[in-house]
Amino acid sequence: APTPFSGGSPGEGSLVKTVAADFPRSGETGYTGGTRVEEERLIAPSVQAIGTGGVEIEQNATLVLDFAVDETVTNRLDGSGALEKTGSGIAHLTAAGSSVGAVTVKAGEVALDQNGLFTAESYDNTGTTSIASSAQLSVKQAFTQDTAGILTVTVGENNEPAITAG
């Protein structure tokens, strides 16, 4: 079973998750140096678990946003690793230029609220995904919309395509 990490870690340092096991992280942090997920899964029950800097998700690693309540993620997400949304809350992603590997929305909602492009290798929506009028989603491979999932797109004034898939 994974060993949860709880408690504060304030300061200018960063968190590098290298252990080959799930790593549930909770508690108030306040570190500003960013987060790098190198192996397995980093499970964030709140936005405080990933600090305030950028988040690098390496190949074969997953950042799990397990939000039970609505949270705003201002961190830029980068890397070839996966992003997974669980928990009943909404993950409002606001950093423009984020680019990740596979995105899986299992529960709750991913709200693409950034001003600009969010890029994913693939996208599987069985929960809810919403795309704001100033946001675009570019999927390099397949965008899969489950029959139980919900997709909401707000069309903006710039007439840019809201979703492109390869």
Side-chain angles (χ1 to χ4, degrees), residues 1-11 13-17 19 21-37 40-57 61-79 81-120 123-137 143-154 162-163:
T3 301
F5 177 85
S6 180
S9 53
S14 62
L15 172 69
V16 179
K17 194 271 186 203
V19 180
D22 287 354
F23 186 66
R25 175 145 170 75
S26 64
E28 296 294 322
T29 59
Y31 65 93
T32 59
T35 301
R36 188 169 70 235
V37 186
E40 298 292 327
R41 301 180 333 148
L42 175 62
I43 303 167
S46 71
V47 73
Q48 288 83 16
I50 56 176
T52 60
V55 178
E56 179 73 26
I57 310 166
T62 303
L63 173 63
V64 180
L65 302 177
D66 189 31
F67 300 165
V69 298
D70 297 356
E71 301 267 356
T72 299
V73 180
T74 60
N75 315 63
R76 182 178 162 136
L77 309 176
D78 285 304
L83 176 66
E84 183 177 301
K85 172 63 182 75
T86 60
S88 59
I90 300 172
H92 294 273
L93 306 182
T94 62
S98 289
S99 180
V100 298
V103 174
T104 305
V105 183
K106 292 183 175 181
E109 180 177 342
V110 168
L112 298 175
D113 292 334
Q114 79 282 357
N115 185 12
L117 190 62
F118 181 95
T119 303
Y123 203 103
D124 185 9
N125 187 40
T126 56
T128 300
T129 296
S130 63
I131 303 174
S133 63
S134 62
Q136 292 90 38
L137 170 62
F143 180 97
T144 305
Q145 176 65 36
D146 189 84
T147 56
I150 298 170
L151 175 64
T152 304
V153 179
T154 303
I163 302 173

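The basis for the numbers below is simple: all heavy atoms, side chains too, and nothing from hydrogens, waters or symmetry mates.
- For the pair Ile90/Asp113, no side-chain contact is recorded, criterion being any heavy-atom separation below 4.5 Å from C-beta on.
- Between the side chain of Arg76 and the backbone N or O of Gly97 there is at least one donor-acceptor pair closer than 3.5 Å.
- Between Leu65 and Lys85, the closest heavy-atom pair is O-CD, 3.2 Å.
- The line from CG of Asp66 to CD of Glu84 is 8.5 Å long, rounded to the nearest 0.5 Å.
- Looking only at distances, no side-chain donor or acceptor of Thr62 sits under 3.5 Å from a matching main-chain atom of Arg41.
- The shortest heavy-atom contact between Ile50 and Ala44 is CG2-CB, 4.0 Å.
- Within the 3.5 Å criterion, the main-chain N or O of Ile150 finds a donor-acceptor partner in the side chain of Asn125.
- Here the closest non-hydrogen pair linking Gln48 and Glu71 is OE1-OE1, 4.2 Å.
- The line from OG1 of Thr119 to CG of Asp78 is 9.5 Å long, rounded to the nearest 0.5 Å.
- Considering only heavy atoms from C-beta on, Leu151 stays 4.5 Å or farther from Tyr123 through its side chain.
- For the atom pair CD1 of Ile163 and CD of Gln145, the computed distance is 8.5 Å after rounding to the nearest 0.5 Å.
- Scanning both residues, Gly53 and Asn75, for their nearest heavy atoms gives O-ND2, 2.6 Å.
- Formation of a donor-acceptor pair under 3.5 Å by the Thr126 side chain with backbone atoms of Val105 is found in this model.
- Checking Val55, Ile43, Thr35 one by one against Leu63, the side-chain contact (heavy atoms from CB on, under 4.5 Å) holds for a single residue, Val55.
- Thr104 and Asp124 are not linked by any side-chain donor-acceptor pair at a separation below 3.5 angstrom, with hydrogens and angles left out of the test.
- Atom CD of residue Glu56 and atom CG of residue Leu77 lie 10.0 Å apart, to the nearest 0.5 angstrom.
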TODO: Check step by step if side-chain contact (heavy atoms from CB on, under 4.5 Å) holds for Leu83 and Phe118.
DONE: CA-CA 12 Å; Leu83 176 66; Phe118 181 95; 4.2 Å; yes
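- Between Leu112 and Ala135, the closest heavy-atom pair is O-CB, 3.4 Å.
- Within the 3.5 Å criterion, the main-chain N or O of Ala68 finds a donor-acceptor partner in the side chain of Ser88.
- In this structure, Ala95 and Ser98 approach most closely via the heavy-atom pair O-OG, 3.4 Å.
- In this structure, the side chain of Gln114 engages the main chain of Gly116 through a donor-acceptor pair within 3.5 Å.
- The backbone N or O of Val73 sits less than 3.5 Å from a side-chain atom of Thr94, completing a donor-acceptor pair.
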